[in-house]
Amino acid sequence: MRNFFFILALLFPIITFSQQSNIEKIEPTEFLITYSLLWQQDSTDANFIRQEDMLLFVGKSTSKFTGLNTFRYDTIMRQVSSREEIQSLLSDMKNPLPHSAFRYQFFKQYHKEKILCIEHTLDGTFRYEEKLNLFNWQLTSDTTTIAGYKAQKATTDFGGRSWVAWFSADLPFNDGPYKFNGLPGLIVKVHDTRNHYVFELISVEKPAKELMIDYKIKDFIDTSKGKFFEAKERVRTNIINIAKKAGASHESQQRAAQNMAKRNNPIELKW
């Protein structure tokens, strides 16, 4: 049983009771934007491409980017009020909880010119800030049509990768997936030049009912971006000892190490 819950700990964020009083509400979502993300998790295996849908919540002064399944998971867990309910949800193999490979939440705070970053490792939930103006975009005259919108090409370097973005002035948001922003229109597609990460627009819609941009207040580990990535790397290199301390069997320890070794291609290679 301990092995089972250790594996769940690898798959899901740290589980705590999510009373509504612990939710920091920022502002209503004016537009809900859905992207498809294709990514190559293992840099040595170009044949294994994963896919996940991602969400961008756009408000008047703030946007939030996260995984669709992360949003679904959080929505479910906010209704949980007891450990018995948590155990029942985790043990229901017929209706598994939504799982996302990306546990992050990025809040672009346009009024503060900052990005609030909330990311998770097995050590806890970290919070750090970055400047909003991360990108030195070079606009080109190339155009195309993506998801029905006329789009223009721009390029930049970020996180140790070279990126190509397509933005549409028909969608007047200088926002985009992940941390990308700063173009004169919504980014409808962005990919690195090796196509290891490809975000592409699926839809833009107004929420049918009120949908708040918010986040759950936790015991965050407040840090810098550099220290967070150092902590993330420590988990990668120490996963067997972490599994061992959690009570996992030798077999589970080896499986955790093998799985971690395949996650060797993060979106940001440098920080």
Side-chain angles (χ1 to χ4, degrees), residues 10-11 13 33-57 63-71 99-108 114-123 125-138 154-167 175-183 186-202 223-237 239 259-271:
L10 289 178
L11 295 178
I33 301 170
T34 305
Y35 291 92
S36 170
L37 168 60
L38 297 174
W39 82 99
Q40 183 179 326
Q41 180 174 277
D42 185 348
S43 62
T44 67
D45 187 358
N47 294 318
F48 181 47
I49 303 299
R50 300 188 62 183
Q51 190 277 335
E52 186 167 337
D53 287 347
M54 313 296 287
L55 296 177
L56 176 65
F57 303 78
S63 70
K64 171 184 175 180
F65 185 76
T66 192
L68 172 59
N69 280 344
T70 295
F71 173 70
H99 165 59
S100 173
F102 303 99
R103 305 173 187 177
Y104 51 55
Q105 298 178 54
F106 299 125
F107 297 84
K108 300 186 185 86
K114 292 182 179 179
I115 304 176
L116 175 65
C117 307
I118 298 176
E119 302 205 49
H120 176 79
T121 75
L122 292 178
D123 288 335
T125 303
F126 291 74
R127 181 170 60 182
Y128 64 90
E129 289 185 341
E130 287 194 87
K131 293 181 179 179
L132 187 65
N133 185 21
L134 287 171
F135 306 97
N136 181 23
W137 293 106
Q138 304 298 315
T155 61
T156 193
D157 291 329
F158 171 70
R161 298 179 186 271
S162 294
W163 293 88
V164 175
W166 296 90
F167 68 94
D175 212 321
Y178 194 65
K179 299 175 183 178
F180 295 104
N181 73 92
L183 286 168
L186 182 71
I187 296 172
V188 293
K189 185 174 182 178
V190 60
H191 62 89
D192 68 292
T193 51
R194 300 178 68 184
N195 284 321
H196 284 184
Y197 285 83
V198 182
F199 297 90
E200 186 163 354
L201 179 70
I202 295 176
T223 188
S224 66
K225 178 178 179 178
K227 290 187 179 300
F228 164 72
F229 277 87
E230 289 172 2
K232 192 174 180 180
E233 186 60 22
R234 282 197 300 272
V235 170
R236 279 186 51 80
T237 57
I239 188 63
N259 290 337
M260 188 66 78
K262 294 177 182 177
R263 300 173 187 173
N264 57 33
N265 194 26
I267 190 169
E268 294 185 51
L269 299 170
K270 296 180 181 179
W271 56 86

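Numbers here simply count residues along the sequence, with the first being 1.
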Review point. Are any non-hydrogen side-chain atoms of Asn136 and Asp157 less than 4.5 angstrom apart?
Key: no

Review point. Is there a side-chain contact between Thr34 and Leu55 (heavy atoms, below 4.5 Å)?
Key: yes

**Study point:** Trace of the side-chain hydrogen bond (donor to acceptor under 3.5 Å, both in side chains) decision for Gln105 with Thr70
**Key:** CA-CA 9 Å; Gln105 298 178 54; Thr70 295; over 6 Å; no

**Study point:** Residue list, side chain to side chain contact (heavy atoms under 4.5 Å, CB included) with Asn133, at least two apart or on another chain
**Key:** none

Review point. With a 6.0 Å cut-off on ring centres, are Tyr197 and Tyr178 close enough?
Key: no

Point to revise | Ile33 vs Asp175, side-chain contact (heavy atoms from CB on, under 4.5 Å): CA-CA, chis, key distance, verdict | key: CA-CA 10 Å; Ile33 301 170; Asp175 212 321; over 6 Å; no

Review point. Strictly under 6.0 Å, is that where the ring centroids of Trp137 and Phe167 end up?
Key: no

Practice item. Could you walk me through whether Asn265 and Asp42 pass the side-chain contact (heavy atoms from CB on, under 4.5 Å) test, one step at a time? Key: CA-CA 6 Å; Asn265 194 26; Asp42 185 348; over 6 Å; no

Exercise for review: Check the pair Leu37 / Tyr35 against side-chain contact (heavy atoms from CB on, under 4.5 Å), numbers first and verdict last.
Suggested key: CA-CA 6 Å; Leu37 168 60; Tyr35 291 92; over 6 Å; no

Practice item. Let me know which of Phe107, Trp271, Phe228 forms a ring-ring contact (aromatic ring centres under 6.0 Å, His included) with Tyr128. Key: Phe228

Exercise for review: Take Lys179 and Phe158 through the side-chain contact (heavy atoms from CB on, under 4.5 Å) test and state the conclusion after the steps.
Suggested key: CA-CA 10 Å; Lys179 299 175 183 178; Phe158 171 70; 4.2 Å; yes

Review point. Can you find a pair of side-chain heavy atoms, one from Phe57 and one from Phe71, that are under 4.5 Å apart?
Key: yes

Practice item. Examine Tyr104 together with Phe106 and report whether their ring centres are nearer than 6.0 Å. Key: yes

Practice item. Determine whether Glu200 and Leu38 make a side-chain contact, defined as any pair of heavy atoms from C-beta on separated by less than 4.5 Å. Key: no

Review point. Between Lys225 and Glu268, is there a salt bridge with N-O shorter than 4.0 Å?
Key: yes

Review point. Are Asn181 and Leu132 side-chain neighbours, meaning at least one heavy-atom pair lies under 4.5 Å?
Key: yes

Exercise for review: State, with a plain yes or no, whether a side-chain heavy atom of His99 is found less than 4.5 Å away from one of Asn69.
Suggested key: no

Check your understanding: Does the gap between the ring centers of Trp39 and Phe102 come in under 6.0 Å?
Key -> yes

